[in-house]
Amino acid sequence: GGEEVVVRWGESAAHDLHSAFGSASGASDATTQLESTLRSRRVTHVVVCGMPLEYAVLATAIDAKKRGFARVSVVAEACAALGDDDAASEALATLRAAGVALIDPLALAPA
């Protein structure tokens with residue numbers, strides 16, 4: 001079994017962070033330790049799920065791609081959008097266009 005890692009973000013009213021990686025600008029007071037934590041554990045496949053799909057999930061998955069992780073996937077069945085079905089569909093289309101894989105939750109089950 002793997003070690004659980006909890007990264008908290010968006011807890012400060014001073015920063016409106018959608019990505020779990022923190023500020024896109026890289027401002028030191030607005031970043032999380034997610035990237036360094038994943039890199040220190042040699043993680044190459046980042047799997048994202050949660051809510052809201054069109055904000056936090058979308059931003060985190062795209063950030064992971066931009067930061068050079070080899071594989072980035074979203075478990076769409078484990079996500080929820082705040083908006084309507086169109087908002088969810090648009091977010092999923094944006095993820096696909098960015099090269100993020102949409103995977104079935106069963107793909108994560110141990111063999």
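It should be emphasised that the depicted structure is a prediction, and the values quoted were computed from it without experimental measurement. These numbers come from the heavy atoms of this one structure, side chains and all, not from hydrogens, waters or symmetry mates.
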What residues, two or more places apart in sequence or in another chain, satisfy salt bridge (Lys or Arg N to Asp or Glu O under 4.0 Å) together with Arg96?
none

Grouping I, L, V, M, F, W and Y whenever their side-chain heavy atoms are under 4.5 Å apart, do [X] and [Y] come out in a common cluster?
X      : Y     : value
Val74  : Leu82 : no
Val100 : Phe21 : yes
Val48  : Met51 : no

Which pair of heavy atoms, one from [X] and one from [Y], lies closest together, and at what distance?
X      : Y     : answer
Ile62  : Ala98 : CG1-CB, 4.1 Å
Ile103 : Ser73 : CD1-CB, 3.7 Å
Ala91  : Leu53 : CB-CG, 3.9 Å
Cys49  : Val57 : C-CG2, 3.9 Å

Asp84, CG atom: more than 12 neighbouring heavy atoms under 6.0 Å
yes

Test of understanding: with side chain to side chain donor-acceptor pair (under 3.5 Å), list the residues that count as partners of Ser36, not counting sequence neighbours.
Gln33

Leu95 and Leu58, any side-chain heavy atoms less than 4.5 Å apart
yes

Side-chain contact test, heavy atoms from C-beta onward, threshold under 4.5 Å: evaluate it for Thr60 versus Val46 and give yes or no.
no

Tell me which one of His45, Arg67, Lys65 satisfies side-chain contact (heavy atoms from CB on, under 4.5 Å) with Val72.
Lys65

Gap between atom CG of Asp63 and atom CG of Leu34 - 0.5 Å precision
9.5 Å

Starting at CG of Asp104, measure out to CD of Glu77 and round the result to the nearest 0.5 Å.
5.5 Å

